[in-house]
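This report refers to the structure that appears directly beneath it.
No experiment lies behind these values; they were computed from the predicted model shown. Note on naming: letters A, B, ... go to the chains in the order of the sequence lines (proteins, then strands), and numbering restarts at 1 for each one.
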Protein chains: 2
Amino acid sequence: MSVSAVSYSIRDLSRDFGVTTRTLRFYEEKGLLEPQRQGHRRLYSAADRVRLKLILRGKRLGFSLDESAELIAMYDPESNNAAQLRALIDKIREQQGRVEEQQRQVQLMLADLQDWERRSVQALHVLND
Amino acid sequence: MSVSAVSYSIRDLSRDFGVTTRTLRFYEEKGLLEPQRQGHRRLYSAADRVRLKLILRGKRLGFSLDESAELIAMYDPESNNAAQLRALIDKIREQQGRVEEQQRQVQLMLADLQDWERRSVQALHVLND
DNA sequence: CTTTCACTTGACGTTAACGTAAACGTCAAT
DNA sequence: ATTGACGTTTACGTTAACGTCAAGTGAAAG
């Protein structure tokens, strides 16, 4: 096996994922990433890139960083743990519920407003007739 | 017209809407509410209740307080302003877009995970056969 | 050798939406 | 007069997710 050892600087990751270096260091403080070091410098591996991808995906799903941390812990592709996988799925389902509720609320509000608009326009017509 | 002048104490509103009194005072600081005073005491009117209802609805839609403030300003039922109404509807539509995007992301993630689970289970079956 | 570049570790600042005292006023009931 | 319920202002504290310096290191390049 060739240990090709591809690694990336903090600047690389920053560019590739559209986040600041501050963000990457912050994620490390929180224990979400732990790149190797070459002296002082951080060296990010492919695995680190995957973790970062997961973190950012978590954010897009509407999770906090702490929640993302939990999720990633569960996501561990090594331990083929079925129970953990179910737990993960459940977490996502909960989030799905929350998002759906928001969507319902938005749709309701929108329906109300459009109804309102319809009536307003009609009122104008009446005035103009 | 009977000016029945129904009014509520801060405690009343707190109870009725499930928010703390601190929250109500905070909303006032931010200019989202401005109840009358009876000496020092705050007296909330029916109109104030409506405003509060709108604020909380805004939160459920996923808006910040500042955004809610904007929305409520537009919502003004007095000025039958059609353009303003359209603007309001547009704002909500934008939010709808954001929420829908989140939902898409969640569904994607969920699909992935379920696929994963399906495969894991199959792998187990293979082992057990 | 000095400049420059990329990177490092502090550490304080910021926004949002309140929480949490502290200290004081008021009015009714005991 | 004291207690208790309810209310008031002032003001510092908290969490999240970074932003924004400041000061220093290490290595390469001129």
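- Look at B:T23 and you won't find any side-chain N or O under 4.0 angstrom from OP1 or OP2 of C:dA17.
- No donor-acceptor pair closer than 3.5 Å links the side chain of A:S7 to the backbone N or O of A:S45.
- Of the residues in residues 46-61 of chain B, not one places a heavy atom less than 4.0 Å from an atom of DNA chain D.
- Position along DNA chain D of the nearest nucleotide to A:R22 versus A:H40 favours A:R22 as the more 5'-ward residue.
- Using a 4.0 Å cut-off between charged side-chain N and carboxylate O, A:E101 and A:R104 make a salt bridge.
- Contact annotation: the side chain of B:R57 never approaches that of B:F63 to less than 4.5 Å [non-hydrogen atoms, C-beta and beyond].
- Close to C:dA17, at under 4.0 Å from its OP1 or OP2, lies no side-chain N or O of B:Y27.
- With a 4.5 Å cut-off on side-chain heavy atoms, B:L32 and B:R51 do not count as touching.
- The CZ-P distance, from A:F26 to C:dT8, rounds to 17 Å in whole Å.
- Rounding to the nearest 0.5 Å gives a distance of 10.5 Å between OG of B:S9 and CD of B:Q38.
- An angle of 10°, rounded to 10°, separates the two end axes of the helix from C:dC1-D:dG30 to C:dT14-D:dA17, each defined over five pairs.
- Separating the CD atom of A:Q38 from the P atom of C:dC7 is a distance of 11 Å, rounded to the nearest angstrom.
- A heavy-atom distance below 4.5 Å is not found between the side chains of A:L61 and A:L71.
- The CG-P distance, from A:L43 to D:dA27, rounds to 13 Å in whole Å.
- A:R37 places its CZ atom 13 Å from the C1' atom of D:dT25, with the value rounded to the nearest Å.
- Here the nucleotide nearest the side chain of A:D66, chosen from D:dA16, D:dT8, C:dA17, is D:dA16.
- Taking atom CZ on A:R42 and atom P on C:dA6, their separation rounds to 17 Å, with Å as the unit.
- Following rounding to the nearest Å, B:E29 (CD) and D:dA11 (P) show an atom-to-atom distance of 12 Å.
- To the nearest 0.5 angstrom, B:Y75 atom OH is 8.0 Å from B:L88 atom CG.
- When side chains are defined from C-beta on, A:D12 does not count as touching A:Y44, because their heavy atoms never get closer than 4.5 Å.
- Dashed line: the shortest gap from a side-chain N or O of A:S9 to OP1 or OP2 of C:dA6 is not under 4.0 Å.
- Atom CD1 in A:I10 sits about 8 Å away from atom P in C:dT9, given to the nearest Å.
- When hydrophobic clusters are built by joining Ile, Leu, Val, Met, Phe, Trp and Tyr residues whose side-chain heavy atoms come closer than 4.5 Å, directly or via intermediates, B:L108 is not grouped with A:L85.
- Using modelled atom types, no side-chain atom of B:Q95 and backbone atom of A:V106 make a donor-acceptor pair closer than 3.5 Å.
- Taken from CZ in A:R42 to CG in A:D48, the straight-line distance is 11.5 Å, to the nearest 0.5 Å.
- For the residue pair A:Q96 / A:R93, no side-chain donor-acceptor distance below 3.5 Å is found, with atom types taken as modelled.
- Computed from coordinates, the A:Q36 CD to C:dC7 P distance equals 16 Å when rounded to whole Å.
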Any protein N or O atoms within reach of nucleotides 22-27 of chain C? Criterion: under 3.5 Å, listing atom names and distances.
residue : atom : partner : partner atom : Å
C:dG25  : N2   : B:R41   : NH2          : 3.1

